[in-house]
Q: 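Right, I'll just put the structure down here and ask away after.
In what follows, chains are A, B, ... by sequence order, proteins preceding strands, each numbered from 1.
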Amino acid sequence: MDLRLEGISHRYDGNAVLEDISLDIPEGQIVSIIGPSGCGKSTLLRIAGGLERPTTGRVSMLGDPPPGCLNPLTYIFQHFALLPWRSVAGNISLVLEDHALGTAERREIIADVLARTRLADFADALPRQLSGGMKQRVAIARALAVSPAVMLMDEPLSALDSQTRELLMDDLIALWLRAPFTGIYVTHNLAEAVRLGHRIVVLSRRPGRIREIVEIDRPLHERGIADADLEEKQRHLWTLMRDEARAADMELQDG
Amino acid sequence: MADRTAGKTGEERGAKGRHYREVPFRGGGFAPRHIPYVGVAVFVVLIALLEAGARSGVISNLTMPPPSAVFVALVELAQSGLLWKHLQVSLTRLAVGAAMGAGAGIAIGILIGLFSYIRAGLLPLVAALFPIPKIALLPLFVIWFGIHEWSKFALIAFGTFTPTVVATFGAVDNVDRSLIRMGQSFGLPWLSIVRKIVLPGALPGILSGLRVSLAIAIILLVAAEMLGAEYGIGAYILEAGSLYDLERLFAGVTILSLMGLGVSWLIGRIEAMLLKWR
């Protein structure tokens, strides 16, 4: 299933946040969206998944979601959004309980996604007992449980320390290599965008417009941490963004 | 060479000349710690002081009975069997009244928290009802509901209702919106979001609101029992007061304090049971 954004513009109380964004996310590809803070990239992601209504423009799904898909557009949030009163297994069960699944089937899905995120030993732990990285892995397991057609990732690694971020990035790549998923990856971190994105969309500062789309041909499994090619791309992205980021930094927050 | 030696001696002199001070500790504090037995000790010391004052004659028996005499009054009350009668009547009134008031309060509070129209319609009404001293309404309730149990239930219920409503809708408002967005993003039906995200998220706030509401319920219980009640702790205190029987009056007050402690302990247990995840 592909996702298509057409002419998305958005304003909050008369302030333009996004302007005329059109973007295709083809099946099996990850599109990274980067931009200076306040450029509306998170808003764009909320619009893409139907959590917010754009002022103009529309989002459409092309084709059918994969068989067994329970929630085509599924988010991974920056701050995990786990229910603190439910165990790890309970948090995953939450998103399955309203679907017509047998108890055995549900248990099977939970066991499977916990195994895929290496959390099998922590099924009964409560979120407060987990480190940030583990919490985000629970959130990833929860997203996998509904076999999404498109993963909408809103700065999923930004709340983690840098070592944990590396580990989780490896996890995400491993998950994608095992079963390529379609995804939008919103981040302000250029290295993450370059590690995971097949295409990188650079947004301008507010109101966010598409400034440039950078393609990265190198397959995901061949991208190392210190890769001259990728660093070149990253440098290019930074030159694109630097002035915008500086200007965005000097802006007063209104509202 | 000469330079180096000069530098060396200068350094030594400097090391000797400097004086060393340990960095003083200035952090800590501003974090409540659990200190056992101090609370009990305060009670014990106060009671001992009162007892000593009464025995030595510093405190006149007309102003304050010695704690031992209050204790004797309590024992007599227990032995006569009247303590259980009073307690049973009072606790029933408290339970029925508080259950009605808190139950309705939680229900209305949740509705105010969930529906904007109900909020717009009921919030001014609740704000208007909240500051009314409910005790002032007792004569009205006697006319409406009769002199017997129902006027007492109504007073306690009404008194617990308003603080419970305010605490409950506040608790619902404070539920983490990102959790609700998460529920929506996974396509959870509205009822599931309310049942599995909003209500458990509001529970801590509702329970701490109940602490306040139930203390108010005990205050109103005594007020209600001062009008047209034969039995009950309030009636017992009123009778003792009108006979100027200070020992029994304080015995009654002690029972009320213990009831307050009991209610607080009970909510503590419920919190420990339902809020294990915190």
Q: Give the member of A:Trp85, A:Phe80, A:Tyr75, A:Phe77 that has the highest number of heavy-atom pairs under 4.5 Å with chain B.
A: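 Result: the option with the highest number of such pairs is A:Trp85.
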Q: Counting heavy-atom pairs closer than 4.5 Å to chain B, which one of A:Glu97, A:His99, A:His79, A:Arg46 comes out on top?
A: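 Greatest number of close heavy-atom pairs with chain B: A:Glu97.
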Q: Atom CZ of B:Phe186 and atom CG of A:Leu73: how far apart are they, to the nearest 0.5 Å?
A: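 Output value for this atom pair is 11.5 Å.
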Q: Quick one: closest heavy-atom pair of A:Pro84 and B:Leu179, and the distance?
A: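 Answer, listing the atom of A:Pro84 first, then B:Leu179: CD-CD1, 4.1 Å.
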Q: Check this for me: does any side-chain nitrogen of one of A:Asp98 and B:Lys196 sit under 4.0 Å from a carboxylate oxygen of the other?
A: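 Salt bridge flag = yes for B:Lys196 with A:Asp98.
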Q: So how far is it from B:Ser185 OG to A:Asn71 CG, rounded to the nearest 0.5 Å?
A: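 That separation rounds to 6.5 Å.
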Q: Please indicate whether A:Gln129 has more than 12 foreign heavy atoms, meaning atoms of other residues, nucleotides or ligands, lying under 6.0 Å from its CD.
A: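 Enclosed: over 12 neighbouring heavy atoms sit under 6.0 Å from CD of A:Gln129.
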Q: With a sphere of 6.0 Å drawn around CZ of A:Arg53, does it hold more than 12 non-hydrogen atoms of other residues, nucleotides or ligands?
A: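 Check fails, neighbour count at 12 or below.
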Q: Return yes if some donor-acceptor pair links the side-chain N/O of A:Arg128 with the main-chain N/O of B:Trp277 below 3.5 Å, else return no.
A: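 Side chain of A:Arg128 to backbone of B:Trp277, a donor-acceptor pair under 3.5 Å: yes, one is there.
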Q: For a quick test of reading the model, state the closest non-hydrogen atom pair linking B:Ser178 to A:Ala81 and the distance between them.
A: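 So the minimum-distance heavy-atom pair works out to O-CB, 4.1 Å.
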Q: Contact part of B:Leu274 toward chain A, heavy-atom cut-off under 4.5 Å: side chain, backbone, both or neither?
A: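 Looking at B:Leu274, nothing touches chain A.
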Q: Considering only heavy atoms from C-beta outward, does the side chain of A:Leu94 approach that of B:Met182 to under 4.5 Å?
A: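 They are in side-chain contact.
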Q: Top residue by heavy-atom pair count (under 4.5 Å) with chain B, among A:Leu82, A:Thr74, A:Val95?
A: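 Most heavy-atom pairs under 4.5 Å with chain B: A:Val95.
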